[in-house]
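No hydrogens, no waters, no symmetry mates; every other heavy atom, side chains included, goes into these values. Since we're looking at a predicted model, the values are computed, not measured. Counting from 1, the numbers follow the sequence of the chain as shown.
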Amino acid sequence: MLNGKQVKLVFDVGKRDRYGRLLAYVYLGNKFVNRDLVEQGYAVSYTLAPNVQYADLFVKLERQARREKRGLWK
């Protein structure tokens with residue numbers, strides 16, 4: 001989906017977790033990739049405080065994906 005494409009990274013409060021991993025929201029044009037992956041059932045919601053901007057949305061979308069057996073939840 002993203003291979004060879006230019007993406008935009010948007011950061012919340014913290015840029016890295018305690019292990020040095022980059023924490024960002026990913027956009028491909030106007031497409032919010034993080035949201036789409038959770039909504040389609042191909043990602044799970046995992047929130048690391050203080051980066052909680054979309055925590056509630058991701059939990060809601062993951063629950064819907066599980067309930068509707070999308071992606072990983074088939």
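There is a path of hydrophobic side-chain contacts, each under 4.5 Å, that joins Phe58 to Val10. Note: the hydrophobic cluster containing Val38 does not contain Val44 (ILVMFWY, side chain heavy atoms under 4.5 Å, direct or indirect links). In the hydrophobic clustering of ILVMFWY residues, with side-chain heavy atoms under 4.5 Å counting as a link, Tyr27 and Leu37 come out apart. Residue Val13 is not grouped with residue Leu48 when hydrophobic side chains (ILVMFWY) are merged at heavy-atom distances under 4.5 angstrom, including chains of intermediate members. Linking Ile, Leu, Val, Met, Phe, Trp and Tyr whenever their side-chain heavy atoms come within less than 4.5 Å puts Phe11 and Val33 in one cluster.
How far CG of Leu9 is from CG of Leu23: 11.0 Å, rounded to the nearest 0.5 Å. Atom CG in Leu28 sits 8.0 Å away from atom CE in Met1 (nearest 0.5 Å).
A pairwise comparison of heavy atoms in Gly41 and Ala65 identifies CA-CB, 3.8 Å as the closest pair. The two residues Asp12 and Val52 make their nearest non-hydrogen contact at OD2-N, 3.3 Å.
In terms of the salt bridge (charged side-chain N to carboxylate O under 4.0 Å, His left out) criterion, Lys8 has no residue partners (sequence neighbours excluded).
Residue pairs meeting the side chain to side chain donor-acceptor pair (under 3.5 Å) criterion with at least one member in residues 40-63, sequence neighbours excluded: Glu62-Arg66.
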